[in-house]
Each structure stands twice: as structure tokens, then as C-alpha cells.
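Keep in mind the model is a prediction, meaning the values are calculated, not measured.
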Amino acid sequence: MVDFRFATRSLGTLCLIALFSISIHVEVSSETATASQNETTGLGNESNTVRSLVIKGNDSFSEQQIRALMRTDVWSVYDETALASDFEAIISFYKENGYHFARIDKEHTSVKKFTDGVYLGIEIDEGVIGEINLSGNEKTKKDVILRELLFEVGDVYIEADKEESEQILRDKTYIGAAKIVPLWDASSNAVAIQVNVTELWSPPLPSIDPALNSQGGTFLLGLRESNVFGSGHDTEVRYQRISEIGEKTKSLLTWKYKMPRVVSSHWNFDGAYIQKREGDSWAIILERPQYTLKSRWSARFTLSESVGDFSWFEMDPFSHKLKRTDRFEVNLQGGSGRIRRYFGNRERQNYIGLWAASRRSKYVPIEKELPSTADLSNRDIKLVGITVGRKRVTYHKTQFIRRMGREEVFLVGSEYAFSVGHASPLYGSDRSEGYASLIGRSGWTRGNRILGTTLIDISSYFTTHIENSTFQARTSWYYTDVFNTGDIYTVDKGFRKNGFLDFYQTFVAEFKTRLEFGWQGESQVLLGAFNGLRGYNYRQFSGEKMMVLRLESRTVCGGTLFRKLDEGIEAVATFIAKPFIKRSVNLGLILSATAFTDIGYIWNGKRTFNLMDPKRSIGFGLRGGFAKVSNAGIFRFEFAFPLDAPSSPSIKQMLFWGIESTF
């Protein structure tokens, strides 16, 4: 009994000690929490505590991203100076991301103070577009231009959308220059957009465009309208008469019609019927391009057929001239389709695509003049495959790179794509084989005056081993505005006033090569004037591999002399067009003097390349174009002197004249 009482008394003592300890802990915790709350709320002043923070208007960025920029938050001490600093951080963040008109809407931002704390409501105005005005479109319909913009009334203004919209407009064949100016309209608290375009001259009736070319003895009479009734549609009908040595004179007819934005969508239709030297052909293309870098997918479907002649050329060992040895009647049929999906942001993207292609070729020998290695095979290839790629794209505006005077879009960045495909009798192919292709292209600038592009294309067909492969590479370097003279001409303002003579100097270096492996008897590489070796015949040399280096100096002419010449042509053109057009017609004549040297090599096999056996030429000439005429080609007159001609004497000048599509 004594032991039981002792044990009970000891247990009660322990319980009292435990209860006392818990009481002390609760009191200490309560004091600590109170002290902490007092420290947070400013010595116990609950009315200075931020109880609620509501952020509105941040449609482009999440609330977490905005809160991460702020020192003010729930349960923090309300401080007007800190809140003002938070507003500056938010606006700086928006402007860094291209939202140049973002602001804090003070009228709808509220700070409400109650006895239990401060309640904050922040309203962000990201810069909504209130109106879009257009000027300079005398012929093109307003909606045709506005539909190309990446924004509309009610959207938030983003600088990247503005810059890319300018690029899209400049790429249109009927627009020579485009400028988008955003302004803040304080009366409506919205962004007002002013779109200014400079239209290229496109007559209301199809224009007559005669073109001559010395290489093929060609006479071309074209009727083309690149902006049909201001709709942006492009149509062309042309008659071409070709007289070539050793060939029958041919009269050819071409019809093309291009309809962009079919039924107000982003699908483009392109149809063509073309009669060529080799025969007739037709093609239909339905495409939804990645019209903007924000677009997440693209597609392209084509059908085509070509019927005509195919000639095989080899070197005559006696005359050392390239002669036609075989002639075939060829029928080529093709169809393809692809769909791509893009991932990433505007500047850096990855993409994956599925594609299918059908190519049928049939060759029938109709003439054989000399023994040759020609061994063309009939094929029926059905391929299905997949493509993966990555690209990085930005834009650079320049002049006098590929066009004469118009604003140009020079793509800076890189793109790499790898494709694999397989052909099988299961889906109609004549045999099983694999296909692999690797394409890489890049563009870069060093400052505003050094620009460059590079393209590498490797493709191969294989079964149990690699059979046919092709390697192609091209690179171009432009050193523009060598003497830093500035823009001597713009489409919207014309020639600048800078003395009697003015100039714009550009140095160009271009290199390209084509190497074929395993194509003996099925394909051949030709070298001559048609692919850049000026001073030689249209088809001078044949082989399996070739390379060409072109060095050129271009001097675009300006000043009072050429401004007066352009004004004189404007007066004549205005007089001729007076019955049809009430306004003056300025064609924008641009002339450029050129001096060049070309160096080429062509060989067969691995051991037949001879560095000491180049094909060289030098020359000079004059090029020109009409910068304000839609789809105007670039006419040229060039004297070229071959330095390594196979016949004697080797120094014999050749005159090249004709119309080209690029500068």
C-alpha cells in the first residue's frame, strides 16, 4: 500500500512538471510570434501591412513573373517608395521584351488602407492598339496590305510584330519600301499605328516586257501583272522564241497565276504551264508557308509533269569542244507533300516534319551522234520520310545585294535539317532503298557592311551500300558601302543630293561547288557561262565535279547626273502612260558598273583534279534596273575575256547581254 501511494505521488509530480514545461513553451512561442509579427507589421501596426495584392492586365506574362519583379508582397510593409520602384521594374521588364508602350494604369490602380492593413490593386496597360492608318497605297487595296500585318486593332503592340510585319510587306513584289510607325495617343490612351508603303509601278494593263539574251539567241515578249486590280495576285503570260546553234528554232508559251491568301487564309496557290527548250511542263503548288515566325506549322503539296528532250554532252577529243552525244525523250512526273510542326520562340526554333515524294522518270533514246558514257535508267521512286531541324533567324535590312535599289531582307542566323526516307515496293516503288539528306545554311553580318551566306547540301541514296551521292556548297560574301558613303538611293526618296557624281561600292566574292559520286552515266556536271564562268560558251565543259569562284566589284552610280537621267525617263514614261494613268510614272533607273574575274575547275574521279588547270576569265560591264517597277529584271551588258580557252587564240572577248532576276 505504501509503495502504491509513493508511486502515485511520483507520477503526479512528473505530470505537474510536464504541464509547467508546456505552459512555459506556449508562452515563449506566443511571445516569439508576437515579436515576429510586430517586426513584420512595423512594431505592431497592422494597418501598415499589405493584406492583399491583386494584379490585372498582365495578359502576356504570368502573375508569378510580375510578382518576382516586386519587393512589395502580401504581409510585407507597405512603402510608397518601394511600390514606385516596383512599378519601374515592371515597365522596364515589359520594354525589354518589346512592349514599348506598356505602363501602369494609375487611374485603375488602387491603394486602400483599412485598420487591418493595406489592400493593393495594380492595373497594367500593356499598350493596346487603338487604330491603324495606311498611306502610300494608290493601287493596292487597303485590306490586302493590312491583312499582312501581324496585329490588328485591339491587340497589344509588340516591337517584334512590327519589325516582322515590315519584312513581310517588303517581300511583296508590288511593294518597294515599308515603314511602320507606332505612336502613343494620349486622348484615347492607346497606340496609333501609321503604316507607310511605297508601291512599285505596275500598270493597270499587263506590261510588255521584251527581253533578249545572247546566250540562247532568245527573244521574249512577256505580259505580266503582279498586282491584279490591287488584289496582290500575280499573273504572267509570255511568248519566247529560242534560236540555238545546232537546235531547231522553238516558239514557247508560258502561263502562270499566283494567288496568295486563298479565301482570306494563309494558303497560297501557284499554277503554271511552261513550254521550255526541253519540252512542256505544268505544275500546281498549294502551300501554307510559315508566314510568320510565330506560326507553329506549315504545309506544302505539289504536282508536276514535264515532257520533252534531254541532251547528254561530252568533250570531243579532236576539237576539244563540248558536243552533244545523245538525245532522249524524257517524261518526268512528280508529286510531293510535307507537313511541319515548329517549337520554340521567334528567334530559335526546332521543327519536325513528315513528308512523302513520288518521282517517275522515263527516258527513250531518239538520237545518238557520238559514243558516250550515257546510261540513263528509268525509275519509279516512292519515298516517305521524316525531317528534324533547328533554326535561328533574325532580320537585317540592306540594299544593293540582290536587287537594284529596293529595300531587301537579309536573313541572319542558321538552319540545320536532317532528313531520312525509305522507298519500298509496298507503296509502289520499283525497289527498296534508303535516302538521307543533310542541309545547313547560315547568314551573318559584321556590323552593317560585311554580310555573308553559306549553304551546304549533302544527299545520298543507298541500299546495302551507298550508291549515289551529291555534295553541293555555296557561299557569298558582300562588303557593302566600302567607302562608307551611305544610302545614295531609296525607293521612297530617290537619289540623294550629293554632288554631280555619287557612288556606292560593293565587293562580292562567291564560291560554289557540286561534287557527284556514283552517278556515272546517269548525271553529269556542266561548266560554262550558264553557271557563272563568264567568257566561255553556254556549255563549255562537262564532268562529274566542278567548282567556281567569282570575284566582282560593283559601283552603283548616283548624283545629279543620274538623277537628271532618271527624271528624263520619268517624263517620257509619264507622257506615254498619260492616257491610262493620271499620276507621274517614275521608274527609278539604277545603273552599276562592274569589273569581275571568274575561276573554274571541272574534273572526273578522285585523281583527275589539277590545280594548275584552271578555267579563268576577266571582264567588265554595265548592269541596270528599274527599282520602282514591279518584277523588273536586271539587264546587263558584259564583255568577258577567256584566259584558258581550249582553242587558239585564247584571248577572245565575248559579249553577254540579257536580263537576270538578281543582282
Side-chain angles (χ1 to χ4, degrees), residues 213-218 242-250 276-279 308-330 363 365-376 470 472 512-550 597-619 638-658:
N213 190 305
S214 63
Q215 292 303 298
T218 301
I242 300 177
S243 300
E244 188 174 350
I245 298 176
E247 302 285 346
K248 295 181 179 179
T249 300
K250 297 181 179 180
K276 302 181 295 184
R277 286 186 178 88
E278 297 80 10
D309 294 346
F310 175 80
S311 297
W312 185 275
F313 297 88
E314 289 191 7
M315 186 68 66
D316 187 343
F318 301 102
S319 64
H320 300 287
K321 292 182 179 180
L322 199 66
K323 288 188 176 181
R324 186 178 65 188
T325 59
D326 301 81
R327 192 159 65 92
F328 301 84
E329 181 182 281
V330 58
Y363 297 92
I366 57 177
E367 184 178 343
K368 190 175 187 66
E369 299 180 3
L370 295 171
S372 69
T373 59
D375 186 19
L376 304 178
T470 303
Q472 297 184 77
K512 63 180 178 181
T513 183
R514 179 181 177 91
L515 311 177
E516 292 188 348
F517 304 90
W519 288 96
Q520 186 175 10
E522 297 185 58
S523 179
Q524 63 179 176
V525 175
L526 301 176
L527 180 62
F530 81 102
N531 59 4
L533 188 63
R534 290 164 288 190
Y536 295 85
N537 293 330
Y538 193 67
R539 304 180 184 93
Q540 183 78 49
F541 309 99
S542 68
E544 297 177 356
K545 304 169 180 63
M546 74 87 178
M547 63 175 63
V548 176
L549 173 64
R550 304 177 63 182
T597 180
D598 299 337
I599 304 173
Y601 288 90
I602 189 163
W603 69 99
N604 295 308
K606 298 180 180 179
R607 300 180 180 179
T608 56
F609 176 78
N610 185 359
L611 183 63
M612 305 307 295
D613 185 26
K615 311 298 187 285
R616 301 167 296 176
S617 66
I618 58 174
E638 293 175 341
F639 282 96
F641 301 86
L643 303 181
D644 300 288
S647 58
S648 181
S650 60
I651 303 290
K652 182 180 180 182
Q653 74 278 6
M654 296 187 69
L655 172 63
F656 292 85
W657 43 273

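Taking the side chain as every heavy atom from C-beta outward, Asp326 and Leu376 never approach each other to under 4.5 Å. Between Tyr601 and Leu527, the closest side-chain pair of non-hydrogen atoms is not below 4.5 Å. Between Met546 and Leu526 the shortest side-chain heavy-atom distance does not fall below 4.5 Å.
Not a single donor-acceptor pair under 3.5 Å links the side chain of Tyr536 to the backbone N or O of Pro642. Between the side chain of Asp598 and the main chain of Arg534, a donor-acceptor pair closer than 3.5 Å is present. With hydrogens and angles disregarded, a donor-acceptor distance shorter than 3.5 Å links the side chain of Thr597 to the backbone of Ser617.
Shown here are the salt bridge (charged side-chain N to carboxylate O under 4.0 Å, His left out) partners of Glu516, two or more places apart in sequence or in another chain: Arg514. In this view, Glu544 satisfies the side-chain hydrogen bond (donor to acceptor under 3.5 Å, both in side chains) rule with no residue, not counting sequence neighbours. Contacts of Phe328 classified as ring pair (Phe, Tyr, Trp, His ring centres under 6.0 Å), with partners at least two apart in sequence or in another chain: none. With sequence neighbours excluded, the residues that form a side chain to side chain contact (heavy atoms under 4.5 Å, CB included) with Thr513 are Phe471, Ala473, Phe511, Leu515, Met547. Every residue meeting the side-chain hydrogen bond (donor to acceptor under 3.5 Å, both in side chains) condition with Arg616, not counting sequence neighbours, appears here in chain and number order: Asp644. Listed by chain and number, the residues in a side chain to side chain contact (heavy atoms under 4.5 Å, CB included) with Asp375 amount to none (sequence neighbours excluded). Scored by the salt bridge (charged side-chain N to carboxylate O under 4.0 Å, His left out) test, Glu329 finds no partners at all (sequence neighbours excluded). Annotation: salt bridge (charged side-chain N to carboxylate O under 4.0 Å, His left out) contacts of Asp613 (sequence neighbours excluded): Lys615. Residues satisfying the side-chain hydrogen bond (donor to acceptor under 3.5 Å, both in side chains) criterion with Thr325, sequence neighbours excluded, are absent altogether.
Taking every heavy atom of both residues into account, Glu314 and Ser372 meet most closely at OE2-CB, 3.5 Å. The nearest pair of heavy atoms linking Val548 to Asn531 is CG2-O, 4.4 Å. Heavy atoms only, all atoms of each residue included: Ser542 and Phe313 are closest at OG-O, 3.6 Å.
Put simply, CZ on Phe517 and OG1 on Thr470 are 8.5 Å apart, with the number rounded to the nearest 0.5 Å. Interatomic distance, Lys368 NZ to Trp312 CH2, rounded to the nearest 0.5 Å: 10.0 Å. Rounded to the nearest 0.5 Å, atoms NZ (Lys323) and CG (Leu370) are 7.0 Å apart.
Evaluation of the salt bridge (Lys or Arg N to Asp or Glu O under 4.0 Å) test over residues 520-532, restricted to residues two or more places apart or in two chains, returns none.
For the residue pair Thr373 and Gln520, no side-chain donor N or O sits within less than 3.5 Å of a side-chain acceptor on the partner.
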